[in-house]
Protein chains: 2
Amino acid sequence: MSSISYVNGRYVPHRDASVHIEDRGFQFADAVYEVIAVQHGRLVDGDGHFDRLDRSLGELSIPEPMSRAALKLVIRELLRQNRITFGALYIQVSRGQAPRDFSFPQNVQPTLVMTTKRLKPFDFERTAQGVSVITIQDIRWKRCDIKTVSLLAGAMGKTEAMSKGAFEAWQVDADGNVTEGTSSNAWIVTKAGELVTRHTDSAILGGITRQTVLQLAAKDGLNYVERPFSVAEAKAATEAFTTSTTAFIRPVVKIDEQSVGEGKPGPFVLKLLKLYGQHIENHK
Amino acid sequence: MSSISYVNGRYVPHRDASVHIEDRGFQFADAVYEVIAVQHGRLVDGDGHFDRLDRSLGELSIPEPMSRAALKLVIRELLRQNRITFGALYIQVSRGQAPRDFSFPQNVQPTLVMTTKRLKPFDFERTAQGVSVITIQDIRWKRCDIKTVSLLAGAMGKTEAMSKGAFEAWQVDADGNVTEGTSSNAWIVTKAGELVTRHTDSAILGGITRQTVLQLAAKDGLNYVERPFSVAEAKAATEAFTTSTTAFIRPVVKIDEQSVGEGKPGPFVLKLLKLYGQHIENHK
């Protein structure tokens, strides 16, 4: 973690960065967030993230803490103070501080918190390494389309994945279909060569990297469809992968200890990863 | 809100009471809590709440921040400093502060926060006033048995209830059965004179007041059963009520604008309320 964070109008040493104990983000998970990758000192798909942040706030009737133009200025200054050229920006907006009561308080100033962290630059070879995932029951609430900090189910799932040596846990709904990972979207490539990822509705978050990959696939004339797919279908797929802001595109070579396809990153995902690398370079 | 709060070993002016922005309670809803009523300077059903707190922590593998004996001493001191004779104590334990990452961090000191507030003493006449509830879809996660701060769905529901002039929102599952209120348990009395409240499992929180009321009903030889009941059954009931720590027992006289029974508090709930009042007095 870098040394300067932003909290409600102030750039503060990270160790001193705090919010009140009656901030609704702390007491009610009444807050939303975004994580944005930084490459070459610039935000990757920044407007996609800002649009989604606005939508999350709107769904919860939390006012925007500042205009997008002002937010961009603050972000630029925070990245500058922390000398972040490659890394990630974390933005959290909570409804604000109010005496504890379930119902939304009126006329409260939202809390805006931002942190940064330094990460290695996007690297094709490193990202192209295959990872394994496990499948778990999706126990989350019914509004996963809002990017809230109500992340305990995801934290539990990711902890279980890590304990089993896996990179991620794919969550499975009551119908046996994969919804998404705990902090990533899930994809497969069928034997027929079709790229599949679940359609967006209130059961999953509309990932920004997901959206970018769909655009890159369309532009390149790849065959894709947005629909549910089962765990069995995923295990029978020729390729699988995950997408997220900071992990980019990761080939999935094992699901529940079972090899996917030939058990190594396949041509489809490597092609998408290459296109994604170009997409990042275009941001320079 | 009283003027002194407790945060991680320190009694601090409430206005200065804060937690770090990377506290997992703020970033992941990775925290549990209890609210305990204070009557005549003593905790009502304190051990029931402490047992439940221990269970919540255990389910999430969060270590207890201190022994129960030590916790009781801190609570006594906090109530003394705030001169609370009648009111409520709020206890929140989060997993603690750690660099943001979904999976549970290891070797982290839990965050312990406590606040108090003053309330009017339990008053039979005031509590016996009937309230109305609305019904809403239960959109929460599948581990409502753990008392976590993942309360956004409840906050949304309570806000909707308030906007419609109702006291509470009863949440309804996919089968059309009432699970519970956003911060209370739901009860009905059938035409056959049977007291009904939903059985406990992972779909609802095992309310401490719920448990006390069941004990009082058993002791008094009242006929009761723990099972699901539908919205239709609730609307056709002769009586209905809610139970919670700070609202105690509240007669419900309207569900979705439809009168329950004779549209006023009935003999069954008034009897339970009287027994509950005696239960509180026995704590003196």
Side-chain angles (χ1 to χ4, degrees), chain A residues 1 5 7 12 14-31 33 35 60-61 90 92 94-95 99-104 111 113-115 117 137-143 146 148-163 168 174 182-183 202, chain B residues 1 5 7 12 14-31 33 35 60-61 90 92 94-95 99-104 111 113-115 117 137-143 146 148-163 168 174 182-183 202:
Chain A
M1 180 56 60
S5 293
V7 183
V12 292
H14 181 67
R15 64 178 173 279
D16 303 329
S18 63
V19 291
H20 195 266
I21 59 171
E22 287 199 314
D23 191 285
R24 289 183 62 93
F26 185 65
Q27 293 191 324
F28 289 101
D30 193 359
Y33 75 104
V35 178
L60 298 178
S61 304
Y90 176 78
Q92 180 170 342
S94 85
R95 193 176 303 277
R100 188 177 183 280
D101 189 84
F102 269 66
S103 59
F104 298 164
T111 297
V113 165
M114 287 191 273
T115 61
K117 75 175 165 184
Q137 191 194 354
D138 193 338
I139 62 169
R140 299 173 303 164
W141 76 328
K142 295 190 170 63
R143 289 305 306 273
I146 313 174
T148 75
V149 298
S150 207
L151 293 173
L152 185 51
M156 291 162 74
K158 185 73 74 120
T159 303
E160 188 179 338
M162 295 286 163
S163 76
E168 175 62 295
T182 65
S183 61
S202 60
Chain B
M1 180 56 58
S5 292
V7 183
V12 291
H14 181 66
R15 66 178 170 279
D16 303 329
S18 62
V19 291
H20 195 267
I21 58 171
E22 287 198 314
D23 190 286
R24 290 184 61 95
F26 185 66
Q27 293 191 324
F28 289 101
D30 193 0
Y33 75 105
V35 179
L60 298 178
S61 305
Y90 176 78
Q92 180 171 341
S94 84
R95 193 177 303 276
R100 187 177 183 280
D101 189 85
F102 269 65
S103 59
F104 298 165
T111 297
V113 165
M114 288 192 273
T115 61
K117 76 176 166 185
Q137 190 195 353
D138 193 338
I139 62 169
R140 300 173 303 165
W141 76 328
K142 295 189 169 64
R143 289 305 306 273
I146 313 176
T148 75
V149 299
S150 205
L151 294 172
L152 185 51
M156 292 163 74
K158 185 72 75 116
T159 303
E160 188 179 338
M162 295 287 164
S163 76
E168 175 61 295
T182 65
S183 62
S202 60

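Here is how names work: the chains are called A, B, and so on, in the same order as the sequence lines, proteins then strands, and each is numbered from 1. The structure displayed is predicted, hence computed values, not measured ones.
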Just how far is it from atom [atom1] of [X] to atom [atom2] of [Y], taken to the nearest 0.5 Å?
X: Ser5(B); Y: Ile21(A); atom1: OG; atom2: CD1; answer: 4.0 Å
X: Tyr33(A); Y: Phe28(B); atom1: OH; atom2: CZ; answer: 7.0 Å
X: Leu152(B); Y: Arg24(A); atom1: CG; atom2: CZ; answer: 8.5 Å
X: Arg100(A); Y: Thr115(B); atom1: CZ; atom2: OG1; answer: 8.0 Å
X: Leu151(B); Y: Asp30(A); atom1: CG; atom2: CG; answer: 9.5 Å
X: Lys158(B); Y: Asp101(A); atom1: NZ; atom2: CG; answer: 7.0 Å

Select one option (side chain, backbone, both, neither) describing which atoms of Thr182(A) are under 4.5 Å from chain B's heavy atoms. both
Does Gln92(B) reach the main-chain N or O of Phe26(A) with its side chain, forming a donor-acceptor pair under 3.5 Å? yes
State, yes or no, whether a side-chain contact exists between [X] and [Y] at a heavy-atom distance under 4.5 Å.
X: Trp141(B); Y: Lys142(A); answer: no
X: Ile139(B); Y: Arg143(A); answer: yes
X: Tyr90(B); Y: Gln27(A); answer: yes
X: His14(B); Y: His20(A); answer: yes

Heaviest contributor of heavy-atom pairs below 4.5 Å to chain B, chosen from Ile146(A), Asp16(A), Val113(A), is Val113(A)
Pick one of side chain, backbone, both or neither for Gln137(B), based on which atoms fall under 4.5 Å of a heavy atom in chain A.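 Contact with chain A: side chain only.
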Tell me, for Val19(B) versus chain A, whether the close heavy atoms (under 4.5 Å) come from the side chain, the backbone, both or neither. both
Search all heavy atoms of Ser150(A) against all heavy atoms of Ala29(B) and return the closest pair with its distance.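 That would be CA-CB, 4.1 Å.
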Could you walk me through whether Phe104(A) and Met156(B) pass the side chain to side chain contact (heavy atoms under 4.5 Å, CB included) test, one step at a time? CA-CA 7 Å; Phe104(A) 298 164; Met156(B) 292 163 74; 3.7 Å; yes
